2 protein chains.
Amino acid sequence: MTGSQRPPSKFVAAISQIQEMIKADRIRPGDKLPSERELSERLSIGRSSVREALRALELLGLIETRRGEGTFLRDFQDHQLVPLISTFIFNDDQKKEHVQDMKAILEMGCLAILAKRPDFKNNAISLQADFHELMDAAGNSLLKKIWLIISDYAGTSREQDRERLNELLMGFMKNNPS
Amino acid sequence: MTGSQRPPSKFVAAISQIQEMIKADRIRPGDKLPSERELSERLSIGRSSVREALRALELLGLIETRRGEGTFLRDFQDHQLVPLISTFIFNDDQKKEHVQDMKAILEMGCLAILAKRPDFKNNAISLQADFHELMDAAGNSLLKKIWLIISDYAGTSREQDRERLNELLMGFMKNNPS
DNA sequence: TTCATTCAAGTGGTCTGACCACAAGATTTA
DNA sequence: TAAATCTTGTGGTCAGACCACTTGAATGAA
């Protein structure tokens, strides 16, 4: 027989279903999810599989689990997956470079956005500024979120960031004289 | 009693231990990890907990699981983590503009990488090229991955992409005369 | 009443043992 | 030799049993 691709594992299916449930039931960050046992019943899968799904989501920082209380939807702010994955990344220097480059690209992009503004030189950018503020100023939340994640992976210090920012700014001033 | 912080859950501990084991045993991408049952024994924790850890790692794209064969360490390059996080990131962030800007930033970054190469003008970039090829040429898998996802969300056509690429190239040529 | 104590129910955390589905190699058989 | 068949080892899943913890209700003492 051909074409009989086996279905995705239960725990992967569970993740999707849980996400759908979150949307359908309008569960918001901070709200409580159904208990593992209830999920198990509603999704008709064993509790173990539910747990595997929940543990994975937890590791991603999408949910939070409190023993004796329940499982709660979380805001994406503090993703713990970063330190975790970075240890894996550290095995490979090339990948580390990629992360660094990626970060630089995002930062350049941030500056490019700001540079289009008339008040670019005046207030928004002082040499005391750091990218957290600049990202806010740029007003692209998507950019900022991704930058935050990448920054975490990159693992550079605030000082290093600031130094490079200065360098970048110098370059910008030169290429974009007002 | 105060200050009795309870230990991290088994499955979190398992993740760390598995990581250490990978390092200690010099397991490289593509290699096989010990079986779940063996891990269970070696780490002295139940197989369920081992599985919760492995499932989480799998969702992060750090390992790959093949039924009947085993569990294998994976190259970080194909981490599914990015698409995963992205679905979440895009949740509250439907701002189309942000996505477009983000895409442009990534593409500029790609060009910037290529521009540093001596053969920039010669072969790598022809006006027939599109960003798929350019991203490959840039050689930053992380960049490409994120770009692909963003592109997906941006929903622009290949033609639109090519047009903008041409515009960008023009600008680049102007600002970076060889 | 009011406050503290106790208790019961619900929840996540973990383990065990049992199957199933699958892949690969060894073994048997034609 | 070549095909068909075990056998073994692996992940996938489930059910049931405890444990640890939180909460709130029930209970009792002031």
Side-chain angles (χ1 to χ4, degrees), chain A residues 1-19 21-22 25 27 29-74 80 84, chain B residues 1-18 21-22 25 27 29-74 80:
Chain A
M1 285 307 92
T2 68
S4 81
Q5 53 202 356
R6 71 188 72 91
S9 56
K10 291 290 180 66
F11 108 92
V12 167
I15 291 180
S16 313
Q17 291 182 277
I18 290 174
Q19 283 185 327
M21 178 181 301
I22 288 175
D25 294 4
I27 300 177
D31 291 351
K32 188 172 171 304
L33 270 66
S35 75
E36 296 180 351
R37 289 165 177 88
E38 187 184 339
L39 282 174
S40 170
E41 279 192 17
R42 280 174 64 174
L43 306 182
S44 301
I45 58 183
R47 194 185 154 204
S48 345
S49 297
V50 169
R51 277 189 60 82
E52 290 179 10
L54 289 180
R55 268 351 95 216
L57 290 179
E58 183 182 12
L59 197 65
L60 287 176
L62 299 182
I63 60 173
E64 181 185 0
T65 274
R66 296 201 281 270
R67 174 190 293 196
E69 295 182 66
T71 306
F72 300 83
L73 187 56
R74 191 169 172 178
Q80 308 135 305
L84 215 169
Chain B
M1 281 306 93
T2 68
S4 79
Q5 52 202 359
R6 70 189 72 93
S9 56
K10 290 289 181 64
F11 107 92
V12 169
I15 291 179
S16 314
Q17 293 181 276
I18 291 174
M21 179 180 302
I22 288 176
D25 294 2
I27 300 177
D31 291 351
K32 187 171 172 305
L33 270 66
S35 75
E36 297 180 350
R37 289 165 177 87
E38 187 183 339
L39 282 174
S40 171
E41 279 190 18
R42 280 173 66 173
L43 304 182
S44 301
I45 57 182
R47 194 185 155 205
S48 1
S49 296
V50 169
R51 276 188 61 83
E52 289 179 11
L54 290 180
R55 266 352 93 215
L57 291 178
E58 182 183 12
L59 195 64
L60 290 178
L62 299 181
I63 62 173
E64 181 184 359
T65 273
R66 296 202 280 270
R67 176 191 292 198
E69 296 183 65
T71 306
F72 300 82
L73 188 56
R74 196 168 169 177
Q80 281 164 315

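So that the names make sense, note that chain A is the first sequence line, chain B the second, and so on, each numbered from 1. Note that the structure is predicted; figures quoted are calculated from it, not measured.
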Is any side-chain N of the basic residue among B:R67 and B:E69 closer than 4.0 Å to the acidic one's carboxylate O? no
Working to the nearest 0.5 Å, report the span between CD of B:E52 and CD1 of B:I15. 9.5 Å
Do A:L73 and A:E64 come close enough that some side-chain heavy atom pair is under 4.5 Å? no
Who passes side chain to side chain donor-acceptor pair (under 3.5 Å) against A:T65, sequence neighbours left out? A:R55
Salt bridge check: are A:E38 and A:R42 linked by an N-O gap of less than 4.0 Å? yes
Under a 4.0 Å heavy-atom criterion, the protein footprint on nucleotides 8-20 of chain C, written with B, S and -, is --BBBBBBB-BB-
Please state how far atom CG in A:L43 lies from atom P in D:dA15, giving the value in whole angstrom units. 13 Å
